[in-house]
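None of these values were measured; they are calculated from a predicted model. All values below were derived from every heavy atom in this structure, side-chain atoms included, with hydrogens, water molecules and symmetry-related copies excluded.
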Amino acid sequence: MSIFSNHIDELAVNTIRLLAADGVQKAKSGHPGMPMGCAPIAYVLYSKYIKHNPANPKWANRDRFILSAGHGSMLLYSILHLCGYDLSIDDLKNFRQWGSKTPGHPENTHTPGVEVTTGPLGQGFANAVGIALAEKHFAEIFNKDDLKLIDHYVYGICSDGDLMEGVSHEAASFAGHLKLGNLIFFYDDNQITIDGSTELSFSDKTAQRFEAYNWHVQTVNDVNDIDALEKAITAAQNVKDKPSLIVTKTHIGFGSPNKQDSSEAHGSALGDEEVKLTKKNLGWDENKFFYVPDEVYKAFADVKSKGAKLENDWNDLRNKYAEKYPEDAKKFEDFMSSKYREWEKALPKFELDEKGIATRVASGKTLNAIASYLPGLIGGSADLTPSNNTHLKDFDEIKPGSYKGRNIHFGIREHGMASILNGMALYGGFIPFGATFLIFSDYLRPAIRLGALSKIKVIYVFTHDSIGLGEDGPTHQPIEQLASLRAIPNVVVVRPADANETVYAWKAAIKHKESPFILALTRQNLPTLDLNKYNIAEGVERGAYILKDSEGTPELILMASGSEVSLALKAGEKLEAEGMKVRVVSFPSWQLFEKQSEEYKKKILPSSVTARLSIEAGVELGWSKYTGVKGASISIEKFGSSAPDKILFEKYGFTVDNVYAKAKELLRKS
């Protein structure tokens, strides 16, 4: 017996269910169960609560919706189509096909109205926390008592799988601590995973867990009870000092006579016959495919007109704001469009100094020098602020109920930090940064990968970048991490050689667009190179450059990154003293180097010079592209050890004498 009290509500919800079933069936793959179970949630949110304008999916003051359970993508595509977004029935029919707007999991770069790329469970949930924090920060900076320029909610749907993943625990704890009352999530409690019943692996008392995280928690016992859903949303909106979780009892594959409430409905098409039986069961014409009743289109037409009015009203408010608060209005426009002025003039310069400073220290000085010129620069560390040197000294901390600051204390939540920063980047206007030790990049790698896929920029400050961190030993000494991060498409990794290279690495990071940018920095001091002697600025931005050259064509090229560059210079001088022609190349970034012209690359690494030696305190993997078949590498192919940094570099072969010996051997063979 139907619980729906309104014919249009039931018709619209079943339309969403069956569009999803048809889309998955036509593709012969996908996840029909979740969309069929959660259709009432999407319907209520998009038709009655979410503030959005389908004609302008990027309207600044829109509510955001995050489908953290991204496998249920046909739910999102179906509701976006009905609301009038640029997503046609043909797009729905092209689900999971080459070049379509409807990929298997939602991608923010493919589909109008999709805010976040989701699929890896827990990521969307954590992204939503970042988006909610971004809204709170914006609102506190720009809103006035009489004119609220930014005033919206972040809604989402998460699954059992989302809430099992560790990243969701980190993000939920963080959101509850900060009292993000603008965040409202529905928990699709269907008690089914791919393996079967959640009882196999999951016996959490989820409601109590979230209450312990300082969330406001409600339960809706039947997802088809539209009135109960609406009451729960309204109640959540009225709680201003806690994020909200609405535990919603759903039935995976709702309406399917043979597969409802079974794992079979989760990750595969229902089958042609079962789709027909489902349509018949829901009072639908079993021979109609991708069918939308005229009554449903008519009902959703109001959504589009209401959305246009909401944005027009906001534009009127923005005009009033500009008249009354012109300076703040200008700052708002600059912030949203990332128009920053004069910050490059604030970049520090470091004088020639053999003792030098650690690149993490140079990074901290650079960050503080430019911060006041870049209002969107915001971030923090996973409880390593003093070690990472990421504290913005002239700005406050973000605290529970107070969001105007620009220093974020993420706690020991590396994965959550990165996913939250992705959400802030997706909001727009921000230059978010996060920091930890390079070794702990392993904890947050999935978020870096999703940031790269989503074409968003988060700057990562990864310090303690080699065995040079010393006595903490092999658990903290990165060996394979640089190679691992370099392997992610659309990620830029820069390992600067000294303080000034670090400055220009930050310059490149600020100017960079549409992908994560990683700075790998030292704990130990490095000699400061001479700015008057070396073209460091252009060199860093080009990824590799000639630090020291020979008279005429070189016989040997020494190339290095980071702390090993000064070692290469000293070894080069020793070789040169014996009459050898040596070129020393600083190689801070493979990715930036690969963006250069072939002419430039051949200028730095001429094909005629086959004796090439790379020097880097990590695995050799990848360097052969630049050393060539006749070249060699000084690298580390085992774990580190606990000892002072100078001892470690000696024991692992990072000495002038060893570089000299390897170079001589190469020259003999060439």
Side-chain angles (χ1 to χ4, degrees), residues 1-21 32-51 63 65-69 72 74-76 78-79 82-83 153 155-160 162-163 183-192 198 205-208 210-211 215-239 242-257 259-262 265 278-279 281-284 293 295-296 299-300 302-303:
M1 182 176 176
S2 173
I3 198 170
F4 290 99
S5 59
N6 182 296
H7 167 68
I8 289 295
D9 288 347
E10 183 173 15
L11 197 64
V13 168
N14 285 338
T15 298
I16 296 167
R17 285 175 169 144
L18 295 172
L19 284 174
M34 182 271 180
M36 295 170 74
C38 290
I41 301 172
Y43 167 67
V44 169
L45 283 173
Y46 271 88
S47 66
K48 302 182 181 184
Y49 283 90
I50 290 180
K51 184 169 59 178
D63 290 332
F65 174 79
I66 313 302
L67 184 66
S68 191
M74 271 303 297
L75 173 69
L76 184 52
S78 298
I79 193 68
L82 294 176
C83 287
Y153 290 96
Y155 299 96
I157 297 176
C158 61
S159 64
D160 293 305
D162 284 297
L163 299 188
L183 178 62
I184 301 171
F185 254 98
F186 283 88
Y187 163 35
D188 171 24
D189 186 10
N190 60 39
Q191 300 181 335
I192 293 292
T198 53
K205 293 178 173 60
T206 302
Q208 291 94 319
F210 272 77
E211 285 171 353
W215 284 55
H216 174 248
V217 181
Q218 305 171 78
T219 298
V220 173
N221 288 314
D222 188 341
V223 72
N224 294 307
D225 188 342
I226 299 295
D227 290 341
L229 291 177
E230 292 184 8
K231 287 176 183 176
I233 296 169
T234 300
Q237 289 177 334
N238 288 330
V239 177
K242 292 182 179 182
S244 285
L245 184 75
I246 302 171
V247 180
T248 314
K249 303 297 182 180
T250 65
H251 295 275
I252 194 168
F254 184 90
S256 170
K259 297 188 177 181
Q260 178 177 311
D261 296 326
S262 77
T278 302
K279 289 177 180 178
N281 192 37
L282 294 176
W284 222 251
E295 292 171 90
V296 173
F300 275 96
D302 292 341
V303 171

Any side-chain heavy-atom pair from [X] and [Y] closer than 4.5 angstrom?
X	Y	value
N190	H251	no
V223	F254	no
P40	I226	yes
Y187	D160	yes
K48	D9	yes
L183	W215	yes
T15	Y43	no
L75	I157	yes

**OP:** Evaluate the side chain to side chain contact (heavy atoms under 4.5 Å, CB included) criterion for residues H216 and E211: first the C-alpha distance (whole Å), next the side-chain angles of each, then the deciding distance (0.1 Å), finally the verdict.
**Re:** CA-CA 6 Å; H216 174 248; E211 285 171 353; over 6 Å; no
Please round to the nearest 0.5 Å and tell me the distance separating atom [atom1] of [X] and atom [atom2] of [Y].
X	Y	atom1	atom2	answer
S68	L163	OG	CG	8.0 Å
T219	L245	OG1	CG	8.5 Å
C83	D302	SG	CG	11.0 Å
L19	N14	CG	CG	11.0 Å
W284	R17	CH2	CZ	10.5 Å
I246	L229	CD1	CG	7.5 Å

Subject >> With F65, the ring-ring contact (aromatic ring centres under 6.0 Å, His included) member among Y49, Y46, Y155 >> reply: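 The passing option is Y46.
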Could you pull out the closest heavy-atom pair between [X] and [Y], with the gap in Å?
X	Y	answer
I16	A39	CG2-CB, 3.8 Å
A207	V247	CB-CG2, 4.5 Å
I252	M34	CG1-N, 3.9 Å
P35	A20	CB-CB, 3.6 Å
A236	I184	CB-CD1, 3.8 Å

Original post:
Would F186 and V220 count as a side chain to side chain contact (heavy atoms under 4.5 Å, CB included) if you check the C-alpha gap in whole Å, the side-chain angles of each, and the deciding distance to 0.1 Å?
Top reply: CA-CA 10 Å; F186 283 88; V220 173; 5.5 Å; no
Original post:
Quick one: do the D188 and T250 side chains pair a donor with an acceptor below 3.5 Å?
Top reply: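 Yes, side-chain donor-acceptor contact under 3.5 Å.
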Subject >> Between N281 and T278: side-chain donor-acceptor atoms closer than 3.5 Å >> reply: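 T278 and N281 do not have a side-chain donor-acceptor pair below 3.5 Å.
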Is [X] reaching over with its side chain to a backbone N or O of [Y], donor-acceptor style, under 3.5 angstrom?
X	Y	result
S262	K259	yes
Q218	A232	yes
D189	T248	no
Q260	G255	yes
D63	I50	no

**OP:** Let me see the working for I192 and T198 under side chain to side chain contact (heavy atoms under 4.5 Å, CB included), right down to the final yes or no.
**Re:** CA-CA 5 Å; I192 293 292; T198 53; 5.7 Å; no
**OP:** Output yes when K249 and D225 qualify as a salt bridge under the 4.0 Å nitrogen-oxygen rule, no when they do not.
**Re:**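 Salt bridge between K249 and D225, a charged N being under 4.0 Å from a carboxylate O: no.
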Subject >> Stepwise side chain to side chain contact (heavy atoms under 4.5 Å, CB included) check, V296 with I8 >> reply: CA-CA 7 Å; V296 173; I8 289 295; 5.9 Å; no
